[in-house]
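Values below: every heavy atom of this structure, side chains too, minus hydrogens, waters and symmetry copies.
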Amino acid sequence: TALRNADLVFAYITATDCHGIMVEIGIAAAQLFTRIVIAFAPGIDSKDFWYVTKRAAAVHEHVRECCLAEILASELYLMKGDSTSMGSGA
């Protein structure tokens with residue numbers, strides 16, 4: 001149920017046989033207000049995952065592990081900005 005209540009799902013794809021992650025992204029995609037962000041490791045072609053990238057709010061390609069924290073922080077910042085503007089009546 002935690003996945004169903006998530007505001008953000010952040011997936012780092014490092015292999016093409018990540019079937020469990022695909023199911024989790026599918027569950028998150030069924031929730032209308034869940035932001036999905038997918039980062040692909042170098043050597044993983046995002047075109048092979050068109051069915052989940054289509055629903056993602058952001059897709060990052062050729063991402064090394066050392067860059068994950070920066071991408072996640074950026075996404076959290078964007079979400080914070082979205083919730084602030086939604087609450088202000090703008």
Closest approach of [X] and [Y], non-hydrogen atoms and distance?
X   : Y   : result
A28 : T34 : O-CB, 3.7 Å
L68 : A39 : CD2-CB, 4.2 Å
A11 : I25 : CB-CD1, 3.9 Å

Would you check if [X] and [Y] make a side-chain contact, meaning some heavy-atom pair closer than 4.5 Å?
X   : Y   : answer
V37 : H60 : yes
R35 : L78 : yes
F49 : V59 : no
L8  : L72 : yes
I13 : M22 : yes
Y12 : F40 : no

Can you measure from [atom1] ([X]) to [atom2] ([Y]) and round to the nearest 0.5 angstrom?
X   : Y   : atom1 : atom2 : answer
F33 : Q31 : CZ    : CD    : 10.5 Å
C18 : E24 : SG    : CD    : 10.0 Å
D45 : H62 : CG    : NE2   : 8.0 Å

**OP:** Would you check, one step at a time, whether the test side-chain contact (heavy atoms from CB on, under 4.5 Å) holds for F10 with I71?
**Re:** CA-CA 10 Å; F10 185 91; I71 293 171; 3.6 Å; yes
Original post:
Among the clusters formed by ILVMFWY side chains lying less than 4.5 Å apart, do I38 and W50 turn up in the same one?
Top reply: yes
